[in-house]
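Since the structure comes first, as structure tokens, the remarks are kept for the end.
Atom set for the values below is all heavy atoms of this structure, side chains included, hydrogens, waters and symmetry mates excluded.
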Amino acid sequence: MLFATAGSLAPTTDGASAVLPYFAWLGKMMPLPFFHTPAFLVFFAIVAAVYWLTPRRFVSLRTWILVVASFHFYAAWSAELAFLVTATATIDYLLARGMAATERQKLRLSLMIVSVVMNLGILCYFKYTNFFLESLNAALKSAGAGTAFETLKIIVPFGISFYTFEAISYAVDVYRRKIPAERNLASFLLFILFFPHLVSGPIVRAGDFLPQVRRVKRWNWVRIQVGVQFFLMGVFKKLAIADRMALFCDPVLKDPAAYNTSATWLAVLAYAMRIYFDFSGYSDMAVGSAHLLGFKLTQNFNLPYLALNVSDFWRRWHISLSTWLRDYLFIPLGGSRGSAWAINRNLMITMILGGLWHGATWSFAIWGALHGLFLVVHRYFRAFVEARPNWKATLDTAGGQAARIMLTIFCVGLAWVFFRKDLAGALTIFQHLFTWQAGLGPPMQNRALWIIFGFVALCQWLAASGAWRAVWPRIPSELQGLGYAACLTVAMILAPDQSQSFIYFDF
Amino acid sequence: MTIAFPKLFPSIRLSWARRSRSQRAVRSIGVGIAVFVVSTVGFGLWAEPKGWFRDPIYGDKQRSLQALIANDSLPLVVFSGSSRVANGFDPARVEIDSGHRLHAFNLAVPGAGPFAQWTFLQRLFHAKIRPKLVLLEILPILLEDKTDGPRERIWMRMNQLTRREKQEFVRLGWPAENLDSNELSLPWVDYRLPILSRTLPSFIPPKSAVDWSRTNDAHGWDVIAEDDYSAERTDKAKAIARKEYEVLLKNLNFGGASIQALQASIHECRARGIEVHLILMPESTTFRSWYGPRVNERLLNLLHSLDAPLTDAREWIPDHEFIDGHHLYQSGAKRFTERLTREVVIPDLKEALP
């Protein structure tokens, strides 16, 4: 890797990868599908060169080039799972074609259900089988049963949560006739497999992506600049901020019982920053890579830590997921229609399932439930405030807005404690946060944390105030270039010895 | 005008607009790439020959040594070794205990074995520093090569070496494939720890910092007072030492590139007329008990076959003056230095002392 190794993600070397020397070689060349590795940069340079050197009139050939490249990107990690994803995507394509070919509503519904069940089945098998078995074993144990089911050795495919949601939304949209079924297999495969969004999103919609596949793309320097900008910003966020925050929070989260209360509070703050910059950094790199190939992906973040309330937070955080959950879960459940009880129930179900989407453990379910609870409380509070103009006016002042932002960050930050697999560890952290505990101090000097925090706050303010958007285009291009070089250089210097895996690669 | 113009020359207008923005984009990307490449190459070329920057832990030591000798011609004693020497050798005492006017300096760096010692000697000679006596610590576990090269590799950061030093390593038998990691090597990445240690020390975890030698005294000694270690910390240090050494010492097989590097250092000193003396540093009773039955014999046979006198100081210090069985407290360092001065330094420097 560019900045040392990330430890946790072991590629599969058995099965097809071992049987077919080609895939084994591929795995050695690009062991991890991380964007900030030299292997990826070489891979990307080759793909981009072949893609752009192919005459633009050969749209289909260009599409196949990207499909083959995307398949290789995934197969480098696991050939078997790359074949699985391709096969299920092909089945989704055929089922949608089937829906398009018939006017019989029941048959259309059946085909849509088959597609959804297949994708959810794959998701459940890979991601939730062991969760169910472990929960069942725990229940049996508490009931006094002596026997237990053995958990399975399952490797969760990268990005399974992302591409199954894309496939489900496609099937539902075709069924609802919101979009036509894609006729070209290559275009559909690219929609699912396109490597910039394959393993960690953003979750793209067929209605946004497929028209882009069909469009003839010309080399456009302005777009290339946008892509470069996004990519560099992502690299900076990941290496200079997220990985550096990991140095503050990871030791505490790993062994929370050993640290004192103030170290735990600082670790929670650092973890909140780490999650945001890790995922938004990855998303920026994905968006930037896509731009460099002439595609525009959905923006996934919009300054979420400046949200005025938790509801606003979910309009700014992981936008592609929150809109997916809204459109394909919350609204079909009844959405904001019906009684207060029904709305609250819908919110809770959506958020708990959203939590479980991130990880198959009870701590993620609790994280989702907490957010559901925040949303419910916020609904009542909003109704309460709207009936009182004085309250509303006070909350809309600068001071009121600052207080709302702080409260939102506080709630979201506390909820992040559960955004991990280890529930017992999360409970220990809560104990250390709210009861005075002695122990080790912060693993690093606080000064660095506050410097980064101040820098981040300044950047967020520049972005939110519109100052950055107003000034940046007016800066001479030579200075912009200097800024790019400085951004990359600083990211490299600040990269820690051990670069961390992306948090969302686990989902 | 705004309505008519696009209708009359829509393509021309669009073309102009696009070209202008495109030119800006090309220029900014081009400048970005050029600045990055030039700054990276320039920085790499600047840093390569600057030992004090590339390898700050050694660089700080050499600066202290240069400040100490300050162009005078007094005899200089240099002790090169690992953290055992760093903690255990108090050079200021040599100057006092010997009763002669001389300089002594502790050139030890944690994890330093034969290859690091050879490198440091080369750098000293390159800086025109000529000791009269060089004491070389023998850390037994670093005289055994693992299958992928000298064990010293565990502690050595390859990017602290110049290209020339790496070539010399290969000549001495260090496997070439293990000299450079497979990671993309860019100066900004290679030198990030020295840069951060110098500019933003709070940004790096203490164990990654490369400013250890800044806390040494003017003679390069890393003093550890008894008060620095609580009972709990001492127990932890002892447990770590046991974990690291007990199994290893049971069956050491000496040989390979490490011995060649040690011989090269001895030869280099001899060729320059510098006295050289090998030292086995003090160890506690427990620590010594970890050596396998034949290991001690093999070790002494090997060391006696080399072209340099050997002093086995392993039994010199009582157990209570060790932190963890092989690193000395301040009191142990004083006791060790006093005896070393009496039994090694003064006899070896006999002719050179005024």
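Rounding to the nearest 0.5 Å gives a distance of 10.0 Å between CZ of B/F43 and OG1 of A/T489. Taken to the nearest 0.5 Å, the CD1 atom of B/I204 stands 9.5 Å off from the CD atom of A/Q445. Rounding to the nearest 0.5 Å gives a distance of 9.5 Å between CG of A/L232 and CZ of B/F36. One finds the CD atom of A/Q480 at 11.0 Å from the CZ atom of B/R27 (value rounded to the nearest 0.5 Å). B/D190 CG to A/I493 CD1: the interatomic distance, rounded to the nearest 0.5 Å, is 12.0 Å.
Around atom CZ of B/R198, more than 12 heavy atoms belonging to other residues, nucleotides or ligands sit under 6.0 Å away. Surrounding OH of A/Y51 are more than 12 heavy atoms belonging to other residues, nucleotides or ligands, all under 6.0 Å away. Remark: B/K50 NZ is packed, more than 12 non-hydrogen atoms of other residues, nucleotides or ligands lying under 6.0 Å away. Annotation: A/K217, atom NZ; neighbour count of heavy atoms from other residues, nucleotides and ligands within 6.0 Å is above 12.
Looking at B/R21, its side chain never comes within 3.5 Å of a backbone N or O of A/V222 through a donor-acceptor pair. For B/R192 (side chain) and A/A491 (main-chain N/O), no donor-acceptor pair under 3.5 Å exists by modelled atom type.
When side chains are defined from C-beta on, B/S202 does not count as touching A/M444, because their heavy atoms never get closer than 4.5 Å.
For A/W221 against B/S22, the heavy-atom pair with the smallest separation is CB-O, 3.9 Å. The minimum heavy-atom distance between B/V35 and A/A485, with the atom names listed, is CG1-CB, 3.6 Å. B/I29 and A/Y484 make their closest contact through N-CE1, 4.5 Å (heavy atoms, listed as atom of the first residue, atom of the second, distance).
Heavy-atom pairs under 4.5 Å with chain A peak, among B/T40, B/I33, B/L193, B/L196, at B/L196.
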### Message
Pair B/W188, A/L488 - check side-chain contact (heavy atoms from CB on, under 4.5 Å), show working.
### Response
CA-CA 10 Å; B/W188 295 120; A/L488 185 58; over 6 Å; no
### Message
One pair to check against side-chain hydrogen bond (donor to acceptor under 3.5 Å, both in side chains): B/S28 and A/Q225. What are the steps and the verdict?
### Response
CA-CA 8 Å; B/S28 58; A/Q225 187 188 14; 2.8 Å; yes
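Contacts between A/I475 and chain B at a heavy-atom distance below 4.5 Å involve the backbone alone (N, CA, C, O).
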